[in-house]
Amino acid sequence: MDMIPQLMEGSSAYIGSTNLSINANISPSSSGATATHPPSSSSPSANSSRYENQKRRDWNTFGQYLRNHRPPLSLSRCSGAHVLEFLRYLDQFGKTKVHTTVCHFYGHPNPPAPCPCPLRQAWGSLDALIGRLRAAFEENGGKPETNPFGARAVRLYLREVRDMQSKARGVSYEKKKRKRPLPPLLSASSSSAVASHQQFQMLPGTSSTTQISKLEK
């Protein structure tokens with residue numbers, strides 16, 4: 001594994017000519033943008049191109065990881081267990097502080113002082129990485145039913161990391177529910193129309209002809 005250098009969250013690490021960023025988003029400085037050009041995020045096509053480039057780099061990096069594995073692994077023999085091994089390997093290059101249960105800052109979102117707790121890969125970075133590798137596997141001829149990145153063990157691991165980091169860091173990863181817009185208030189014209197309609201509703205024991213004659217009077 002010595003050929004794979006440290007992976008920095010939010011930046012790219014290189015393996016020869018191949019690099020892997022575990023974050024889905026790349027800052028303008030790391031993507032080659034300059035101050036004289038508008039941000040690439042302003043263009044949908046630029047976002048798509050950046051995603052495709054990142055996905056290709058991630059795929060090449062995982063292939064390099066399999067070749068450096070002892071014993072070397074072929075993609076056809078790769079399973080969810082090997083994907084978990086890869087994710088745990090990346091933890092040593094993480095930059096996210098994850099407090100242990102014995103730490104005084106456990107559950108504190110903004111610790112006032114440093115602590116010896118370990119650094120890990122952020123859950124969001126791992127989740128985005130697995131999403132890209134899962135798509136790349138099928139784009140390179142893999143079958144969805146044999147996709148190791150979609151294995152149940154991988155999904156459970158990501159859920160476990162999310163819950164653990166949420167409690168340890170005192171942050172919530174739950175998606176905020178969108179509030180449904182309130183129904184518009186009835187206007188004066190619509191209110192009068194409803195009132196007129198109610199006048200024509202049949203009363204018990206009377207006919208519609210009797211009600212209409214009463215209204216005409």
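What's counted below: heavy atoms across the whole structure, side chains too, no hydrogens, waters or symmetry copies. This structure is a prediction, so every number in the text was calculated from the model and none was measured. Index from 1, following the sequence.
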- [ ] Provide the closest heavy-atom pair for Ala135 versus Lys55 in the form atom of the first, atom of the second, distance.
- [x] CB-CD, 4.1 Å

TODO: For ring pair (Phe, Tyr, Trp, His ring centres under 6.0 Å), just list the numbers for Phe62 and Phe149, CA-CA rounded to whole Å, side-chain angles, deciding distance to a tenth of an Å, and then say yes or no.
DONE: CA-CA 11 Å; Phe62 184 73; Phe149 304 101; 5.0 Å; yes

Task: Spacing of Cys78 atom SG and His69 atom NE2 [to the nearest 0.5 Å] - done: 9.0 Å

TODO: Please state whether the rings of Phe86 and Tyr89 are parallel, tilted or perpendicular, taking 30° and 60° as the class boundaries.
DONE: parallel

TODO: Please report the closest heavy-atom contact between Ala136 and Trp59, naming both atoms and the distance.
DONE: CB-CE3, 3.7 Å

Open item on the list: If you count heavy atoms of other groups shown closer than 6.0 angstrom to CD of Glu160, is the number above 12?
Closed with: no

Open item on the list: Between Asp91 (side chain only) and Arg120 (backbone N and O only), is there a donor and an acceptor less than 3.5 Å apart?
Closed with: no

Task: Separation of Arg132 CZ from Glu139 CD (nearest 0.5 Å) - done: 12.5 Å

- [ ] Could you check if a side-chain atom of Gln121 sits within less than 4.5 angstrom of a side-chain atom of Leu87, using non-hydrogen atoms only?
- [x] no

Open item on the list: For the OH atom of Tyr65 and the CG atom of Leu73, what is their distance to the nearest 0.5 Å?
Closed with: 8.5 Å

TODO: Hey, could you give me the CZ/CG distance between Arg162 and Leu126, rounded to the nearest 0.5 Å?
DONE: 13.0 Å

- [ ] Answer yes or no: is there a donor N or O on one side and an acceptor on the other, between the side chain of Lys97 and the main chain of Pro114, under 3.5 Å?
- [x] no

Task: Closest contact, heavy atoms only, Val154 versus Leu84 - done: CA-CD2, 3.9 Å

Open item on the list: A side-chain contact here means heavy atoms from C-beta on lying under 4.5 Å apart; do Val161 and Asp127 qualify?
Closed with: no

TODO: Indicate yes or no for a side-chain donor-acceptor contact from Asp58 to the backbone of Leu133 under 3.5 Å, with no hydrogens or angles considered.
DONE: no

Task: Close side-chain approach of Glu52 to Ser49, heavy-atom, < 4.5 Å - done: no

Open item on the list: Could you tell me if Arg56 and Asn53 have a donor-acceptor pair between their side chains, going purely by distance under 3.5 Å?
Closed with: yes

TODO: Return the set of residues passing side chain to side chain donor-acceptor pair (under 3.5 Å) with Arg67 (not counting sequence neighbours), or none when no residue passes.
DONE: Gln64

TODO: Report yes if the side chains of His82 and Pro148 come closer than 4.5 Å at any heavy-atom pair, otherwise no.
DONE: no

TODO: Could you tell me the separation between the CE atom of Met164 and the NE2 atom of His99, rounded to the nearest 0.5 Å?
DONE: 12.0 Å

Task: Side chains of Asn140 and Leu75 in contact at under 4.5 Å (non-hydrogen atoms) - done: no

Task: Check: Thr61 side chain, Arg57 main-chain N or O, donor-acceptor pair, under 3.5 Å - done: yes

- [ ] For the pair Arg169 (side chain) and Val98 (backbone), establish whether a donor and an acceptor sit closer than 3.5 Å, ignoring hydrogens and angles.
- [x] no

TODO: Mind checking side-chain contact (heavy atoms from CB on, under 4.5 Å) for Thr100 and listing every partner two or more places apart, or none if nothing turns up?
DONE: Val102, Cys103, Cys117, Pro118

Task: Short side-chain to backbone donor-acceptor contact, Trp123 and Leu158, under 3.5 Å - done: yes

Open item on the list: Tell me whether the rings of Phe105 and His108 are parallel (<30°), tilted (30 to 60°) or perpendicular (>60°).
Closed with: perpendicular

